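Every chain is numbered from 1, with letters handed out A, B, ... down the list of sequences. None of the values given here were measured: they were computed from a predicted structure.
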Amino acid sequence: MKDIFKDLNEEQKKAVECTDGPVMVIAGAGSGKTRVLTYRVAHLVQKGVEPFQILALTFTNRAANEMKERIISLVENQDAKNVWMGTFHSVFARLLRVDGHLLGFPSTFTIYDNDDSKSLLKTIIKELGLDIKIYNSSYVLHRISMAKSNLITAPEYLEDSELQTYDRHSQKPQIGQIYSIYQNRLFKASAMDFDDLLFFTNVLLRDFPDVLLKYQNRFRYILVDEYQDTNYSQYIIVKRLAARFENLCVVGDDAQSIYGFRGANIQNIFNFKKDYPDFQLFKLEQNYRSTKTIVSAANTVIQNNKEQIFKEIWTDNEEGSLISLLKAASDTEEGILVAHSIFENKMNKQLENSAFAILYRTNAQSRSFEESLRKLNIPYRIYGGLSFYRRKEIKDLISYFRMVVNPSDREALLRIINYPARGIGDTTMEKIEVAAGQQDQSLWEVMNQLHQNSLGINSGILHRIDDFITKINSFRVQLKNRNAFELAEHIVFSTGILKDLQEDQTPEGISRAENIQELLNAIRDFVDSPRPANEETGELSEDQSPRSLDEFLGEVSLLTDLEPEEEKKDKNKVTLMTVHSAKGLEFPYVYVVGLEENLFPSYLSMNSRAELEEERRLFYVAITRARQKLTLAYAMNRYKWGNLTMSQPSRFVDEIDQVCFDLPKKVKMNPGPAKKLTPMDSPEKPRPIIDTGDYLDISSIQIGTMVEHQRFGKGKVLAVEGAGPNKKATVHFSEAGNKQLLLRFAKLRIIE
DNA sequence: AAATAGCGCTTTTTT
DNA sequence: AGCGCTATTT
């Protein structure tokens with residue numbers, strides 16, 4: 001057996017050894033927090049605790065994967081992979097798939113992401129006749145999310161005078177009603193949003209004592225990472241699960257709490273003392289990551305916050321180089337200064353690109369750095385922005401998968417009912433929506449009953465709806481006899497999604513087709529990988545059947561990112577990301593940029609001390625990412641929403657002790673003239689309108705007529721339907737494929 | 001039905 | 001500036 005204690009300092013060792021009873025570890029930045037967590041799990045396994053009796057909850061999938069890998073390499077025991085490790089959401093989604101039927105949810109329930117939630121909210125808001133601009137769907141979702149995170153149901157929301165007063169005050173008194181309808185619709189669609197996963201776990205554990213007991217007995221040892229970022233709902237889940245054995249270890253750092261804006265509650269750290277008076281507290285105060293200069297700068301900054309648990313971070317590391325401050329005239333120049341600095345350091349010190357990170361407050365800031373890095377031929381990778389699974393083409397394909405698994409899924413249905421275009425438009429779907437609302441049924445159910453009640457939809461469209469239903473049902477049949485990859489590939493081809501994307505030969509279009517391919521690759525990997533441990537026993541699955549599409553969907557709906565094959569090969573790139581996404585990471589050279597008042601700290605966080613302190617913690621997180629060298633940058637002028645605005649250096653820069661800084665050398669650099677239009681770029685000439693007057697006489701069209709369209713070129717009429725001004729034709733164009741055209745508008749020419 | 005032109009709004013983000 | 005949604009055009 002490996003002696004795991006030799007890698008730990010005294011305090012870390014104590015935190016690892018103290019396995020029984022409630023434990024809180026307050027771990028400063030760079031103090032080996034992850035190390036303690038992983039070694040603690042390893043120690044438990046070495047002591048003989050069954051891996052499936054250990055539950056380790058993290059905040060991100062990345063953290064979970066990282067920890068899992070480390071533990072497996074640490075414990076020379078393959079059973080270690082049976083430790084229940086994952087995000088709150090993924091672990092409890094799994095639990096709800098097993099026991100959610102007690103609450104009326106099928107095991108195949110769909111998980112709605114924020115886009116799905118917002119689109120559902122939007123229809124509800126419209127149905128209520130409310131102004132979509134006043135009832136902004138993001139805002140409404142945020143309010144509902146806050147309520148759910150605090151375990152407030154819709155009826156409770158409607159009765160809570162404080163919430164009602166608040167909503168009336170902000171001119172949105174109907175949020176409670178929206179919440180109520182929203183919840184109803186989710187249930188009808190057999191769907192849960194992200195907050196529901198935690199909310200309904202709480203309901204399950206509260207109302208079904210035998211279920212609670214089952215999981216209390218299973219999870220004898222519970223560990224929670226990033227405890228400062230948990231919300232009330234998560235706190236209660238943990239409290240319930242740990243109530244029987246109280247072998248609970250939470251690890252966190254109040255100084256790194258940066259998710260208050262979405263409901264994280266630092267109070268959970270203080271509540272710990274009340275809930276478990278006999279708890280053991282360990283403080284990790286030695287920083288192993290950064291130089292003395294960086295640690296001392298971070299300490300002086302965070303001292304400006306009033307609300308914090310006292311601790312003193314120190315380090316044995318060398319003094320290190322001083323902090324540089326780059327003052328730029330403009331955002332463009334800021335990009336140039338940073339890129340040149342990276343180039344210089346890279347050359348002088350022979351460093352890898354991956355040694356550098358540029359951290360900013362908002363995603364929109366990345367552009368000037370991208371441009372300058374590109375000019376110097378320095379490869380970089382931007383994190384954040386739209387993640388893989390939120391891209392349109394991916395969501396479209398996954399919506400087909402979702403329909404196969406759960407046809408009640410309203411949002412999935414609406415996405416794909418007319419994609420690729422099959423001539424079922426908004427008007428038709430509105431009729432179906434109205435009927436569904438009246439009959440309290442899902443859209444799918446209404447569509448399946450159109451033979452009895454056509455809702456005034458004409459026969460051509462009814463036929464196409466039938467085709468759609470038949471298609472989805474044929475996929476459903478194959479769920480059990482084809483593996484996930486085979487079925488997914490079949491769906492991609494038989495729906496014509498790939499064909500549709502391949503018609504678009506713009507760079508964006510090509511990249512979309514590649515993304516579909518990338519998703520198929522991921523599904524192939526999924527099929528080739530073994531099943532996880534059995535939910536009930538924790539033992540490895542004996543089920544040797546191929547992994548199916550519903551299994552894939554169950555795993556994928558909580559993932560945000562997929563690393564494309566090429567990224568896996570070439571990791572030697574400069575990292576560009578927001579400070580938020582940099583939490584938990586470290587880099588030898590870190591550039592924290594855009595340090596201006598109203599940007600960092602953000603103008604939206606200037607109203608209260610609490611918000612400003614969160615910004616300061618964010619800055620604290622930013623500077624403590626650096627191992628060796630920290631560089632700060634700001635611009636005197638910056639383009640904000642299209643116009644140039646002057647700015648002042650951030651107060652956070654002043655909060656760092658002057659002695660930590662490099663001599664402020666004045667760097668002069670010409671950012672170069674902005675790109676001007678050259679005579680060659682003169683605006684495109686307006687296209688002459690071709691009007692031969694020889695357009696199609698609507699009455700003369702019939703199946704087989706050859707026609708020409710201004711944009712689509714030559715084509716053959718396949719079908720005609722409707723009458724008078726609403727007459728429509730389906731035309732097959734040799735270049736553009738099948739199109740439905742309203743003849744009143746489409747300027748077709750007969751080309752017999 | 002499908003394409004396009006114009007209007008308005010802009011944090012942070014993971015699940 | 002840049003994206004998403006609505007209104008308008010074809």
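- For the pair A:K133 NZ and B:dC9 C1', the computed distance is 11 Å after rounding to whole Å.
- Minimum atom distance to the side chain of A:H580 is reached by B:dT12, of the listed B:dT12, B:dA1, B:dT14.
- Side-chain atoms of A:R361 and base atoms of B:dT12 include a donor and an acceptor less than 3.5 Å apart.
- For the pair A:R262 and A:Y259, the cation-pi test (distance below 6.0 Å, angle within 45°) is passed.
- For B:dT12, its base never sits under 3.5 Å from the side chain of A:R262 at any donor and acceptor pair.
- Partner A:R415 forms a salt bridge (charged side-chain N to carboxylate O under 4.0 Å, His left out) with one of A:D396, A:D116, A:D409 and no other, that one being A:D396.
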Run A:S368 and A:E371 through side-chain hydrogen bond (donor to acceptor under 3.5 Å, both in side chains) and show every step you take. CA-CA 5 Å; A:S368 62; A:E371 272 171 30; over 6 Å; no
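- Rounded to a whole Å, the CG atom of A:L141 is 16 Å from the P atom of B:dT11.
- Distances were taken from every side-chain heavy atom of A:T362 (C-beta onward) to each of B:dT14, B:dA2, B:dT11; the shortest belongs to B:dT11.
- Below 30°, between 30° and 60°, or above 60°: for A:H89 and A:F194 the angle between ring planes is above 60°, a perpendicular geometry.
- Put simply, A:F261 rests on the base of B:dT12: the two rings are less than 5.5 Å apart at their centres and nearly parallel, under 30°.
- In this structure, a donor-acceptor pair under 3.5 Å is present between the side chains of A:D195 and A:S145.
- Taking a 4.0 Å limit (strictly below) on heavy-atom distances, residues 111-122 of chain A reaches DNA chain B at A:N114.
- Defined by atom type and a distance below 3.5 Å, a donor-acceptor pair is present between the side-chain atoms of A:S233 and A:N202.
- Contacts between residues 598-615 of chain A and DNA chain B, defined by a heavy-atom separation below 4.0 Å, involve A:L604, A:S605, listed by number.
- Where stacking is scored as ring centres under 5.5 Å apart with planes under 30°, A:W641 registers as stacked on the base of B:dT10.
- Note that A:R616 lies outside the cation-pi zone of A:F652, set by a 6.0 Å cut-off to the ring centre and a 45° limit from the axis.
- Distance from the side chain of A:N418 is smallest to B:dA2 among B:dA2, B:dT14, C:dG2.
- Not a single donor-acceptor pair under 3.5 Å links the side chain of A:T230 to the backbone N or O of A:E226.
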